[in-house]
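Here's the structure, in structure tokens; my notes come after.
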Amino acid sequence: MTTETGVVQRNVESVSGRPVAEETRSAMQAVAARFSRRSLYVGALGYVAVVAVTAVALPEARVLQLATALAYGLSILGLNLVSGYAGQISLGHSAFFGIGAYTSTILVTDHGWPLLATLPVGAVLGFVVGVIAGLPALRLKGHYLGLVTLSFAVVFPLIITHFPDLTGGVNGKLLQSAWVIPDGAPAFFTQTTINYLVVAVVTGIGLLVCRNLVRYGRSRTLIAIRDNEVAAATSGVHLAREKTIAFASSTAIAAIGGSLFAMVTGVVGPETFGIFLSIQLLTGLLIGGSGTLVGPIIGGLVLAFLPTLTADVVGGTGANMVYGALLVLLMFFMPLGIAGGGRGLLRQVSRWLEAKGRHRSTRRSVPRDTAGPTSQNPCI
């Protein structure tokens with residue numbers, strides 16, 4: 001009797017759909033988790049393979065460009081947290097980029113610090129300054145916040161030139177550091193290659209951290225704030241805290257990118273970290289793809305390679321015109337950025353393939369009349 005009752009109860013529950021829905025949901029979550037881990041492993045292996053091949057096969061000048069592109073990409077990755085997910089416009093990230101660059105340069109050149117040891121110092125300093133500078137984000141948004149953050153990019157070069165004994169003033173400051181290359185190392189194993197490998201490793205760690213933040217961290221909260229602050233506050237989101245943490249985390253990542261940039265170039269100057277760099281970083285984010293993980297890296301590659309490419313092909317004063325025209329065309333044909341446009345294209349292709357496969361399965365399931373015409377006519 002008990003067995004029959006259990007069978008009947010299970011049948012009733014299966015008809016109601018509750019256990020079936022729960023099993024389906026758990027199965028979908030398990031498949032998504034497996035797919036996420038698989039995509040992580042494939043992406044990590046692909047990233048390592050690309051870095052290794054480019055470090056060995058490309059000439060030193062191109063490796064230097066790649067290292068600069070990754071440093072830009074890491075800073076744009078930090079900007080993506082504020083502009084891509086939180087929906088806040090920041091035009092002052094060149095200042096935080098410069099904070100990291102000058103922190104590493106001063107500690108290495110004047111105090112003999114190891115270069116890698118300066119990265120967390122620059123990140124902490126960028127985070128603290130970001131908390132202070134992020135206070136306007138509590139009450140401002142949109143272009144009003146953009147104008148306030150633009151003042152950071154204007155003031156930072158003036159502060160640098162005001163302390164020439166510490167920063168080198170308008171003449172800039174050299175980062176005097178060199179890696180120890182062992183005897184018998186391959187010919188491609190140069191200072192530039194080591195810098196590129198270090199930048200690639202740090203950028204890879206930054207990508208992993210941002211991926212975890214996007215999947216398991218505050219990204220959903222930031223997206224909720226971006227879409228509707230009132231609804232997010234009603235749902236229990238602490239707007240002031242979340243905005244401040246997002247802005248400070250963004251500036252910390254940008255500061256690390258600045259430290260890597262100083263390591264790659266070997267020199268820092270106040271004119272490098274002005275308004276033009278802030279516009280470049282925001283342009284790289286929009287071109288690469290705002291709100292995506294790969295978009296900032298694509299934007300860094302565009303910022304590092306596209307000006308050189310246009311200068312090599314066109315040359316002269318027309319190179320800047322062609323460079324600007326290409327940026328406008330990219331934004332016109334791909335308003336979501338290269339990564340966003342590519343993702344949308346893949347989604348359309350997958351839907352087309354799915355619809356085509358469904359159409360084929362439907363045609364196969366329709367029975368065919370193989371008996372031919374009958375001799376009897378039911379209408380007679």
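As the structure is a prediction and not an experimental result, all values here were calculated from the model.
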Next on the checklist: According to a hydrophobic-cluster definition based on side-chain heavy atoms being under 4.5 Å apart (Ile, Leu, Val, Met, Phe, Trp, Tyr only), do V313 and L326 belong together?
Outcome noted: yes

Checklist entry - Less than 4.5 Å apart, any side-chain heavy atom of V264 and any of L64? => result yes

Item to check | Test side-chain contact (heavy atoms from CB on, under 4.5 Å) applied to A153 - qualifying residues, sequence neighbours left out | outcome: S94, I275, S278

Checklist entry - Where do T192 and E60 come nearest, in terms of heavy atoms and distance? => result OG1-OE2, 2.8 Å

If you look only at distance, which donor and acceptor atoms sit under 3.5 Å apart when one is on a side chain in residues 195-203 and the other is two or more places apart or in another chain?
unit_1, atom_1, unit_2, atom_2, d
N195, OD1, W179, NE1, 2.6
N195, ND2, Q191, O, 3.3
Y196, OH, T54, OG1, 2.7
T203, OG1, V199, O, 2.7

Next on the checklist: My understanding is that only residues two or more places apart in sequence, or in another chain, count here; which of them pass side-chain contact (heavy atoms from CB on, under 4.5 Å) with P186?
Outcome noted: F188, F189

Next on the checklist: Looking at M321, I want to see if its CE is surrounded by more than 12 non-hydrogen atoms of other residues, nucleotides or ligands under 6.0 Å.
Outcome noted: no

Item to check | Spatial distance of atom CG (L116) from atom CE (M263) [nearest 0.5 Å] | outcome: 7.5 Å

Checklist outcome for this item: For A319 and V314, the nearest pair of non-hydrogen atoms, with its separation, is N-CG1, 3.9 Å

Using distance only, find each side-chain donor-acceptor pair of residues 248-260 under 3.5 Å and give its atom names and separation, not counting sequence neighbours.
unit_1, atom_1, unit_2, atom_2, d
S249, OG, I245, O, 2.8
S250, OG, G78, O, 2.4
S250, OG, H93, NE2, 2.6
T251, OG1, G126, O, 2.9
T251, OG1, F247, O, 3.3
T251, OG1, A248, O, 2.7
S259, OG, G100, O, 2.8
S259, OG, S104, OG, 2.8
S259, OG, A255, O, 3.2

Checklist entry - Which atoms form the tightest heavy-atom contact between L281 and S75, and what is the distance? => result CD2-CB, 4.5 Å

Item to check | Joint hydrophobic cluster, L286 plus M334, side-chain heavy atoms closer than 4.5 Å | outcome: yes

Checklist entry - If two hydrophobic side chains count as joined below 4.5 Å and joins carry through other members, does I279 share a cluster with M331? => result yes

Item to check | Distance-minimising heavy-atom pair for L74 and G206 | outcome: CD1-CA, 4.2 Å

Checklist entry - How does the hydrophobic cluster around F276 look, that is, which other residues are in it when side-chain heavy atoms under 4.5 Å mark a link? => result none

Checklist entry - Which atoms form the tightest heavy-atom contact between L58 and L66, and what is the distance? => result CD1-CD1, 3.5 Å

Checklist entry - Going by side-chain heavy atoms closer than 4.5 Å, which hydrophobic residues are tied to L107, directly or by a chain of links? => result W113, V121

Checklist outcome for this item: For L336, the other hydrophobic cluster members (4.5 Å side-chain criterion, sorted by chain and number) are none

Item to check | Residue pair T118 / L115, side-chain heavy-atom distance below 4.5 Å | outcome: yes

Next on the checklist: Could you tell me if the side chain of T283 sits less than 4.5 Å from the side chain of I287, heavy atoms only?
Outcome noted: yes

Item to check | Criterion side chain to side chain contact (heavy atoms under 4.5 Å, CB included) on I181 and I194, from CA distance to verdict | outcome: CA-CA 9 Å; I181 300 178; I194 298 176; 3.9 Å; yes

Item to check | Minimum side-chain heavy-atom gap V42-L45 below 4.5 Å | outcome: no

Checklist entry - Other hydrophobic cluster members with F127, side-chain heavy atoms of Ile/Leu/Val/Met/Phe/Trp/Tyr under 4.5 Å, chained? => result V131

Checklist entry - Any side-chain heavy atom of K173 within less than 4.5 Å of one from D110? => result yes

Next on the checklist: Please report the interatomic distance CG(L91) to OG(S151), rounded to the nearest 0.5 Å.
Outcome noted: 10.0 Å

Next on the checklist: Checking T193 against T190 for the side chain to side chain contact (heavy atoms under 4.5 Å, CB included) test, could you report, in this order, the C-alpha distance in whole Å, the side-chain angles of both residues, the deciding distance, and whether it holds?
Outcome noted: CA-CA 5 Å; T193 305; T190 61; 3.2 Å; yes

Checklist outcome for this item: Distance col, row I76:CD1 vs L81:CG, nearest 0.5 angstrom, shows 12.5 Å

Checklist outcome for this item: Contacts of A262 meeting side-chain contact (heavy atoms from CB on, under 4.5 Å) (sequence neighbours excluded), chain-then-number -> A101, T105, L175, V268

Just list the side-chain donor-acceptor pairs under 3.5 Å for residues 288-309, sequence neighbours left out, or say none.
unit_1, atom_1, unit_2, atom_2, d
T292, OG1, G289, O, 2.7
T292, OG1, G295, N, 3.1
T308, OG1, Q65, NE2, 3.0

Checklist entry - Under a single-linkage definition using a 4.5 Å side-chain heavy-atom cutoff for Ile, Leu, Val, Met, Phe, Trp and Tyr, are L277 and L150 assigned to the same hydrophobic cluster? => result yes

Item to check | Those residues that, when tested against S83, pass side-chain hydrogen bond (donor to acceptor under 3.5 Å, both in side chains) (two or more places apart) | outcome: none

Checklist entry - Should F96 and I106 be counted in the same cluster of Ile, Leu, Val, Met, Phe, Trp and Tyr side chains packed under 4.5 Å apart? => result no

Checklist entry - Considering residues at least two apart in sequence or located in another chain, which fulfil the ring-ring contact (aromatic ring centres under 6.0 Å, His included) criterion with F261? => result Y72, F97

Checklist outcome for this item: All heavy atoms of G98 vs all of F273, minimum pair found to be CA-CD2, 3.5 Å

